Amino acid sequence: MDCHVGLLNSVPSPLLCEMFGAAGYHFAVLDLEHLLVSPDDLQHAIRACEIGGCEPWVRVPEVDTQLIGRVLDAGATGVVIPRLETVAQARRAVEAAHFPPLGRRGITGGRVTGFGKRSLADYIAGSRDAIRVIPMIESDAGIDALPDILAVPGISLVMEGALDLALDLGLGPDPLHPRVWQRLLDLAGHCDEAGIPFCANPRNAAQREHWLARHPRWLLAGEDRGLLMGALRARRRELTSDLSTLTS
């Protein structure tokens, strides 16, 4: 089974989103939770992902029925729901993302139907399997409620938010704390029992080894902002590492 690897996009740039696909990434999580992104910029980023062959998912700030419908109408293939903690939230998210009978999403034409090249009936039929609803579990309460959340029809996979989980547990910004790791294992165990894929975000070599041993279907490679900053710093150090020797 192939492993699909994605990135959290925190640097709003259509060109960067297009590069994700060229670099071999399978999905990008375009962030509306922490970023002030205009509708036009989001639309361009979705198009850029499509051009690059990278699935565009959008992390919305909350279970906002109208916003979820709009980002899907714009071409997003997945909606990531941060801080999801209850069955009611999960049900509302699924209802917002899917058409009847599974949900209550309203229908429109536009770019998702090729501006009329694809019939509405065909789009509705295909959307049931094409649209992903992805809870992001970031709290102790969310992990405790997860067995019931995963019983909601229409949940596609689950992502973790270890940094916010650490804050929720009163541990400060420490996603590598042993208590956080144990709760992530609990989270993954609930997903295994329900037969729902779990998308981990390995933060060190030991976590990477652990999650890869599970032969995952989905993995998050982290956030583009941190990866870019790390690469920029490493390149500068590489260029100047021998400078003091040369000038002494």
Side-chain angles (χ1 to χ4, degrees), residues 1-9 20-21 24-33 46 49 53-63 68 71-72 75-98 102-103 105 126-139 142-165 175 183-203 207-208 210-223:
M1 184 181 297
D2 292 335
C3 179
H4 297 81
V5 181
L7 284 168
L8 177 60
N9 174 227
F20 294 161
Y25 288 93
H26 301 93
F27 67 93
V29 182
L30 311 175
D31 192 17
L32 295 185
E33 182 189 10
I46 289 172
C49 286
C54 179
E55 279 194 41
W57 301 354
V58 176
R59 181 165 69 174
V60 295
E62 58 186 344
V63 185
I68 289 172
V71 300
L72 293 175
T77 60
V79 285
V80 177
I81 315 295
R83 303 183 309 279
L84 195 140
E85 293 183 332
T86 69
V87 169
Q89 289 174 320
R91 286 177 176 157
R92 290 203 310 273
V94 170
E95 288 178 351
H98 287 288
L102 181 60
R105 180 182 167 195
S127 70
R128 173 62 183 86
D129 295 324
I131 298 300
R132 308 186 195 279
V133 177
I134 306 133
M136 180 171 270
I137 305 301
E138 303 180 273
S139 69
I143 295 173
D144 288 341
L146 193 55
D148 292 329
I149 290 169
L150 295 175
V152 175
I155 300 299
S156 306
L157 64 140
V158 172
M159 303 183 81
E160 51 102 332
L163 183 56
D164 279 320
L165 176 59
R183 291 306 270 156
L184 291 180
L185 295 179
D186 295 339
L187 193 165
H190 291 320
C191 290
D192 289 345
E193 291 174 5
I196 301 293
F198 171 59
C199 178
N201 179 11
R203 289 171 172 80
Q207 289 190 4
R208 174 183 173 275
H210 174 86
W211 296 125
L212 287 180
R214 291 165 47 94
H215 304 289
R217 289 174 57 187
W218 304 93
L219 274 179
L220 191 67
E223 183 183 85

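These numbers come from a predicted model, not from an experiment.
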[X]: side-chain hydrogen bond (donor to acceptor under 3.5 Å, both in side chains) partners, not counting sequence neighbours:
X: R105; answer: D73, Y123
X: E33; answer: R59, R83
X: R214; answer: D192

How close do [X] and [Y] get, heavy atom to heavy atom, and via which atoms?
X: L163; Y: P175; value: CD1-CD, 3.8 Å
X: I134; Y: G78; value: CD1-CA, 4.3 Å
X: C54; Y: A28; value: SG-N, 3.5 Å
X: P61; Y: P82; value: O-CG, 3.7 Å
X: P56; Y: L30; value: CB-CD1, 4.4 Å
X: V71; Y: I46; value: O-CD1, 4.2 Å

Exercise. Step by step, would you call H98 with V133 a side-chain contact (heavy atoms from CB on, under 4.5 Å)?
Worked result: CA-CA 9 Å; H98 287 288; V133 177; 4.1 Å; yes
Mind checking side-chain contact (heavy atoms from CB on, under 4.5 Å) for [X] and listing every partner two or more places apart, or none if nothing turns up?
X: E95; answer: R104
X: A221; answer: V5, L7, Y25
X: A90; answer: L84, I149, V152, I155

Mind checking ring pair (Phe, Tyr, Trp, His ring centres under 6.0 Å) for [X] and listing every partner two or more places apart, or none if nothing turns up?
X: F20; value: none
X: H190; value: none
X: F27; value: W57, W218

Problem set entry | L184 side, atom CG; I137 side, atom CD1 - distance, nearest 0.5 Å | 11.5 Å
Exercise. In Å and rounded to the nearest 0.5 Å, what is the CZ to SG distance from R217 to C199?
Worked result: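 If we round to the nearest 0.5 Å, R217:CZ and C199:SG are 11.5 Å apart.
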Considering only heavy atoms from C-beta outward, does the side chain of [X] approach that of [Y] to under 4.5 Å?
X: L165; Y: I143; result: yes
X: V60; Y: I81; result: yes
X: L146; Y: C191; result: yes

Seminar exercise, completed: Test side-chain contact (heavy atoms from CB on, under 4.5 Å), reference I131, set L72, L102, V94, output is L72
Exercise. For E223, what residues pass the salt bridge (charged side-chain N to carboxylate O under 4.0 Å, His left out) criterion, not counting sequence neighbours?
Worked result: R225
Exercise. Is there a side-chain contact (heavy atoms from CB on, under 4.5 Å) between L185 and H210 once you walk through the steps?
Worked result: CA-CA 10 Å; L185 295 179; H210 174 86; 3.4 Å; yes
For this session: Write out all pairs satisfying side chain to side chain donor-acceptor pair (under 3.5 Å) with one or both partners inside residues 153-165, taking only residues at least two apart or from two chains.
Result: E160-R203
Exercise. If you look only at pairs with a residue in residues 127-137, which of them pass as a side chain to side chain donor-acceptor pair (under 3.5 Å), with sequence neighbours excluded?
Worked result: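 Residue pairs passing side chain to side chain donor-acceptor pair (under 3.5 Å), neighbours aside: E55-R132.
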Problem set entry | Evaluation steps, side-chain contact (heavy atoms from CB on, under 4.5 Å), between N201 and L8 | CA-CA 10 Å; N201 179 11; L8 177 60; over 6 Å; no
Problem set entry | side-chain contact (heavy atoms from CB on, under 4.5 Å) between R183 and D144, worked out | CA-CA 10 Å; R183 291 306 270 156; D144 288 341; 2.8 Å; yes
